[in-house]
There are 2 protein chains.
Amino acid sequence: MSLSAFAYKCIKDKLRTGRFPGGTMLSETTLAREIGASRTPVREAIAQLEREGLLDQIPRHGTFVRVMDRDEIEELYDLRATLEGFAAAQAARHITPAVVYKLRNHCRGMMDLVREVRRLGPKASIGAGLAQRWVANDASFHTTIIHAAANRWLTKVTEDMRLMAQTFGLCRNLPDNNPLATLRRTWREHCRLLGALAAHDERAARELVIAHILTGKESLLAYCDWADKHRGEHAGLDEPRRRHLQSLDRYARITRGRKR
Amino acid sequence: MSLSAFAYKCIKDKLRTGRFPGGTMLSETTLAREIGASRTPVREAIAQLEREGLLDQIPRHGTFVRVMDRDEIEELYDLRATLEGFAAAQAARHITPAVVYKLRNHCRGMMDLVREVRRLGPKASIGAGLAQRWVANDASFHTTIIHAAANRWLTKVTEDMRLMAQTFGLCRNLPDNNPLATLRRTWREHCRLLGALAAHDERAARELVIAHILTGKESLLAYCDWADKHRGEHAGLDEPRRRHLQSLDRYARITRGRKR
DNA sequence: ATAACGCATCTTGTATACAAGACTGCCATC
DNA sequence: GATGGCAGTCTTGTATACAAGATGCGTTAT
């Protein structure tokens, strides 16, 4: 594997796991040192991530982790709904028994998760392990459908969108106060979608997916609003946090002076 | 402007105008010499064009101008139909009188084109100038609608798709044996779409755009089939053509050995 | 004649040096 | 005290040198 690819994976991982929160400034030199390569491959990785919409490179100023405002999140989810709706319709047309079987297994896996969460009690918050399995199952379900649509361009574009949703993704630390209900709803919607796909019902498949994703959008936006309202309550001023706020400020200043 | 951006524009232009036909091998060194820069900016430009789907870079072998097979063209147009359909629906929701006015001007411009072509007589082939104006008008019409949708991610993705369609774009040298009819049809469809948009009729706008693009797909595929059938009839073996065939061969050999 | 080997030359991948813009903080000046 | 300039140090942008894989062709051995 090339160093560029390695650097790309490194940075993307840190982005996905929240090690580099929005607004963080990334220095090519520093990253190169951390990764153990020269600036060249790091630069290529950064360029690619910028093209994918995860970073924002401002000439001669620096590259920053993009932050999405509320409108942008809404736009992203609207587009995702359209794309995955199309994917579902195409999948319904082309689907094979093997894929149906695979999707059914995913649904079964999610049912198991529901059972485990139910056993924890109605108010218990789910642990990191369960949350991770949940996210992985959900992602895999959607990805399977996208691939079943058998449209290479669609696959590429949609994967990009999913990555962004996941990265900015606020889903990761979504503090759901009723995970059992959310999980059951997700499971139910997946099952219904599976039914439509197996029956080759293009219209139903499209509409179910669109509704599914728009539901996700609503809950994410609700979380955004909640987070906005409770902003600034973290008065803990440890060093890295302070530095992050500083870089975020710089980013805001530069982009404001530039784009407006 | 940075040299990278300049190199990007240079290469893209040559790609769009058909100077680099599908299968051509691009050498970083050679391009750098031509552009008058070092390999670094050229490399960045190539990387970006690869991400956009116009080039195909094969590690340690070279980078080639992508060629699309029939299926891929079909997939591209299907996706474009979905994306631009969504754009039209959103545009119908958000559209302002100013945008309607702009679109009306475009329609008027196309009507002028129709008149000019009609004056040429029913069987005359249209010249390069007219063709260029036609393509520009069409592109601008669609782009205006996409922007009116007010979804930044959609704009980005769709522009990429349009660029590809245009580049591979076979539209450029589509030998239409009845340009007047095609032009009139295009004009009529644009007018009808404009009506739906002005009336804020989301459903009609979406369906009209989808039909419009799928019609384009059909005529392009028909041309592909025609070109396939008449392949190999160009027995003229001038030096550049020969070199191109050679590079195309190499490309085919490598990708075949690699992907299959 | 044919197959295999090796070298010259192509390709990209990576490291590094240097240039130049942009920010920061200090110091001198008003 | 406020303000303007200036150097040091950050950032990215570009050129270039070198490494290493891939290719093609000529030579040689069978």
Side-chain angles (χ1 to χ4, degrees), chain A residues 1-11 20 23-51 55-65 242-259, chain B residues 1-11 20 23-51 55-65 242-259:
Chain A
M1 187 168 75
S2 75
L3 277 177
S4 303
F6 179 68
Y8 174 77
K9 268 184 63 177
C10 270
I11 301 173
F20 291 154
T24 305
M25 175 170 163
L26 301 182
S27 156
E28 293 177 1
T29 316
T30 310
L31 279 173
R33 241 200 325 263
E34 277 178 25
I35 290 170
S38 81
R39 268 181 59 211
T40 309
V42 171
R43 213 177 143 68
E44 293 187 357
I46 286 178
Q48 176 147 2
L49 288 165
E50 195 208 1
R51 172 89 193 107
L55 300 180
D56 191 2
Q57 197 161 22
I58 294 154
R60 298 200 188 279
H61 285 259
T63 88
F64 299 83
V65 180
R242 209 182 55 75
R243 287 248 305 267
H244 173 232
L245 286 180
Q246 189 179 338
S247 123
L248 212 156
D249 260 11
R250 203 162 97 93
Y251 178 50
R253 202 170 54 235
I254 294 171
T255 51
R256 204 159 300 146
R258 210 147 250 268
K259 294 194 179 165
Chain B
M1 188 168 74
S2 75
L3 278 174
S4 302
F6 179 68
Y8 173 78
K9 268 184 62 176
C10 271
I11 301 173
F20 291 153
T24 305
M25 176 171 163
L26 301 183
S27 157
E28 293 178 2
T29 315
T30 310
L31 280 174
R33 238 199 329 262
E34 277 178 23
I35 290 171
S38 81
R39 266 183 60 214
T40 309
V42 171
R43 213 178 144 68
E44 293 188 356
I46 287 179
Q48 176 147 2
L49 288 165
E50 195 207 4
R51 270 169 251 139
L55 300 179
D56 192 2
Q57 196 161 22
I58 294 154
R60 298 195 189 281
H61 285 260
T63 87
F64 298 83
V65 180
R242 212 182 53 76
R243 287 250 303 270
H244 173 231
L245 286 180
Q246 186 178 339
S247 124
L248 211 156
D249 260 11
R250 204 163 96 92
Y251 179 50
R253 202 170 53 239
I254 294 171
T255 51
R256 204 160 300 146
R258 208 147 252 267
K259 295 193 179 165

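Convention: sequence-line order gives letters A, B, ...; per-chain numbering from 1.
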Atom-to-atom span, [atom1] of [X] to [atom2] of [N] - whole angstrom:
| X | N | atom1 | atom2 | result |
| --- | --- | --- | --- | --- |
| B:Ile58 | C:dT11 | CD1 | P | 14 Å |
| B:Glu28 | D:dA20 | CD | C1' | 15 Å |
| A:Arg250 | C:dT24 | CZ | C1' | 10 Å |
| A:Glu44 | D:dG13 | CD | C1' | 14 Å |
| B:Arg33 | C:dC10 | CZ | P | 10 Å |
| A:Tyr8 | C:dG13 | OH | C1' | 19 Å |
| B:Met1 | D:dT14 | CE | C1' | 15 Å |
| B:Tyr251 | C:dC10 | OH | P | 23 Å |

Among [options], which nucleotide has an atom closest to any side-chain atom of [X]?
| X | options | result |
| --- | --- | --- |
| B:Arg43 | C:dT12, C:dC23, D:dG13 | C:dT12 |
| B:His61 | D:dA20, D:dT23, C:dA17 | D:dT23 |
| A:Ser4 | C:dT12, D:dA15, C:dT14 | C:dT14 |
| A:Thr40 | D:dG13, C:dT16, D:dA15 | C:dT16 |
| A:Thr29 | D:dA20, D:dT11, C:dT14 | D:dT11 |

Check your understanding: Between D:dT11 and A:Ser27, is there an OP1 or OP2 to side-chain N/O distance shorter than 4.0 Å?
Key ->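 Yes.
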
Review point. Can you tell which of A:Glu44, A:Lys9, A:Gln48, A:Arg43 makes a side chain to side chain donor-acceptor pair (under 3.5 Å) with A:Ser4?
Key: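 So, applying the side chain to side chain donor-acceptor pair (under 3.5 Å) to A:Ser4 and each of A:Glu44, A:Lys9, A:Gln48, A:Arg43, only A:Glu44 qualifies.
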
Practice item. Carefully, step by step, assess B:Ile58 and B:Thr63 under the rule side chain to side chain contact (heavy atoms under 4.5 Å, CB included). Key: CA-CA 6 Å; B:Ile58 294 154; B:Thr63 87; over 6 Å; no

Exercise for review: Nearest-nucleotide wise, let me know which of A:Met25 and B:Arg60 is further upstream toward the 5' end of DNA chain D.
Suggested key: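 Comparing both residues, the 5'-ward one is A:Met25.
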
Check your understanding: Is the closest side-chain heavy-atom distance between A:Leu55 and A:Phe20 below 4.5 Å?
Key ->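 No, too far: nothing below the 4.5 Å cut-off.
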
**Study point:** Which residue lies more 5' along DNA chain C, comparing B:Ile46 with A:Arg39 via nearest heavy atoms
**Key:**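 Taking each residue's closest nucleotide, the earlier one in sequence belongs to B:Ile46.
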
Practice item. Please figure out whether A:Gly36 or B:Leu26 has its closest DNA chain C nucleotide nearer the 5' end. Key: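 Nearest-nucleotide comparison on DNA chain C picks B:Leu26.
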
Review point. Would you say the side-chain atoms of A:Arg250 pair up with the backbone N or O of A:His61, donor to acceptor, closer than 3.5 Å?
Key: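 Flag set: sc A:Arg250 to bb A:His61 pair under 3.5 Å.
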
Point to revise | Nearest heavy-atom neighbours spanning B:Gly23 and B:Tyr251 | key: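 Looking at all heavy atoms of both residues, the closest pair is CA-CD2, 4.1 Å.
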
